Amino acid sequence: MKSIKQVKNIKGKVVLVRVDFNVPIKDGKIEDPFRIKKALPTIDFLHKKGAKIILITHLGKDGSASLEPVIKSFFKISKYKKSEISFFENVRKFPGEEKNDPTFTRKLASLGDVYVNDAFSVSHRAHASVVGIPKYLPSYAGFQLEAEIKNLSKALNPKHPFLFILGGAKFSTKMPLIKKYLKLADYCFIGGALLNDFLKAKGYEVGKSLIDNSNYGIEKILKNKKLILPVDVVVKSSGKLINKGVTEVLKDEIILDIGSESIKMIEPYIKKSKLILWNGPLGKYEAGGGGATKKVLKFVAKSKAESIIGGGDTVELISEMKMEKDFSFVSTGGGATLDFLANGTLPGIKALENSKK
Ligand code: 3PG
C-alpha cells in the first residue's frame with residue numbers, strides 16, 4: 001500500500017479523496033465532527049502540494065441525505081474557502097456505489113488523476129468509491145487510514161497484560177471478536193447489551209432487556225477464565241434506575257448499564273494493564289444508563305496503559321467529555337474497527353495494496 005507521503009508531482013492534478021463524513025446529525029446540526037477533523041491533515045497536505053481536491057463521502061445509509069450540513073461544518077472547521085475544495089454528491093445516491101458497478105466506478109475515476117483513501121471507517125464496505133477506483137487510478141492511503149492501521153494493529157500483536165473491554169449490542173456480529181480476543185488478551189470484560197446474552201446463558205432473568213438470541217457457542221465462552229462479567233447492573237424498574245445484583249433482575253425490568261460494584265471491579269485490571277482495547281459502550285446512555293462508560297473511561301484515561309478506543313457511541317462520548325487527548329488512540333471506525341480487529345485487514349485496504357497503478 002502506497003502512502004500519501006509518496007505522492008509526487010500533484011501540482012494542478014485532480015485528487016479524489018474518499019473521506020467518511022458520515023457524522024451524527026440531529027435537527028440539521030452535526031453532533032460530533034470528529035471524522036471531519038481527522039481528515040484535515042490529509043486534505044491540508046494535498047492542498048499545500050497544489051492538488052485540486054474533490055472530496056467524496058456518503059452520508060446516511062441510502063444516499064437520500066443532503067450533504068449541506070456536512071459541507072457547512074467542513075468549511076467552518078477547516079477554514080478553506082468554498083472555491084478551494086470541491087465536494088462530490090452523497091455518493092450513495094448512485095446505485096452503482098454499493099454495487100461496486102464497473103461503469104459507475106469508471107465514471108467516478110474519470111473525474112480525477114489520483115485517488116486517496118482516508119476513509120478507514122467505511123473501508124469495510126466493498127463499494128465503488130472504496131474498492132473500485134484503485135483499479136483505475138494511482139492510489140494512496142491517507143494519514144488517518146495509516147494511523148488507524150498502525151494503532152489498531154497493536155491489538156493484533158499486543159503487549160501484556162492486555163485488557164479487552166467490549167460493550168455495545170449485536171452479540172452475533174461480535175462473537176468472532178470475543179473468540180479472538182479471549183486468545184490474544186489476558187482479560188476480556190463484557191458490558192453493554194452483549195452482557196444480557198451472557199447473563200441469559202447463565203440462566204439468570206434478564207427481564208425485557210435487549211437480547212440477540214443467536215448466541216451459538218456462548219456456553220463454551222462462559223467457561224473461559226479470561227472472561228470477566230459484571231457482578232451487578234443498573235435496571236430500569238417502573239421508571240426508576242436501580243442498582244442490583246445480576247441474579248436479582250425481575251421479569252418487567254430492563255438492564256441499562258453495569259453496576260457500581262462492577263465499575264470498582266474493573267479498576268485493578270485497568271491499573272495493571274499495559275494495553276487496553278475498548279470497543280462499544282457499557283450501558284445505554286440514551287435511555288438513562290451509560291454512567292458507567294464515563295466512569296470507566298476516566299479510569300482508563302488516568303492509567304499508564306496504552307489505550308485504543310473505538311466504536312461510534314463511545315467515541316461520541318469521548319468527544320462530549322473532551323477527552324480525546326487522554327487516550328493513545330481513538331478510532332474513527334464503528335463496524336470497520338470491529339472488522340479490522342477481527343480480520344487484520346479490510347476490503348478498502350486490500351484494494352490499495354492491489355492497486356497496480
Ligand atoms: C459508519 O458510520 O460506520 C460508516 O460511515 C459506514 O457506514 P455504513 O454502515 O452505512 O456503511
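Bear in mind the structure is a predicted one, so any value in this text is a computation, not a measurement. Read the numbers this way: they start at 1 and go in the same order the structure lists the ligands and their atoms. Count residues from 1 along the sequence.
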- Task: Run the numbers for me: atoms of ligand 1, each under 4.0 Å from some heavy atom of Arg92, listed by number.
- Result: 7 (O), 8 (P), 10 (O), 11 (O)
- Could you find the nearest protein heavy atom to atom 8 (P) of ligand 1 and give me its residue, atom name and distance? Lys61 NZ, 3.3 Å
- So which heavy atom on Leu59 is nearest to which on Asn90, and how close? O-ND2, 2.9 Å
- Classify the angle between the aromatic ring planes of Phe88 and Phe94 as parallel (below 30°), tilted (30 to 60°) or perpendicular (above 60°). tilted
- Quick one: ring pair (Phe, Tyr, Trp, His ring centres under 6.0 Å) pairs with a partner in residues 277-310, sequence neighbours left out? none
- Number the atoms of ligand 1 from 1 as they appear, then name those within less than 4.0 Å of a heavy atom of Asn22, with their elements. 1 (C), 2 (O), 4 (C), 5 (O), 7 (O)
Could you list the donor-acceptor pairs under 3.5 angstrom formed between side-chain atoms of residues 12-23 and any protein atom two or more places apart in sequence or on another chain?
from	atom 1	to	atom 2	distance (Å)
Lys13	NZ	Asn9	O	3.1
Arg18	NE	Ser129	OG	2.7
Arg18	NH1	His58	ND1	3.4
Arg18	NH2	His58	ND1	3.1
Asp20	OD1	Asn22	N	2.9
Asp20	OD2	Arg35	NH1	3.3
Asp20	OD2	Ser121	OG	2.6
Asn22	OD1	Gly60	N	2.9
Asn22	ND2	His58	NE2	3.3

- Task: Using the six-membered ring wherever Trp is involved, compare the ring planes of Phe198 and Phe171 and label them parallel, tilted or perpendicular (cut-offs 30° and 60°).
- Result: perpendicular
- Can you pull out the closest protein heavy atom to atom 5 (O) of ligand 1? Residue, atom name and distance to 0.1 Å, please. Asp20 OD2, 2.7 Å
- Item | Closest to atom 7 (O) of ligand 1 (judged by heavy-atom distance), picking from Arg35, His58, Arg125, Glu98 | His58
- Query: Taking both backbone and side-chain atoms of His124, is any N or O found less than 3.5 Å from an N or O belonging to ligand 1?
  - Reply: no
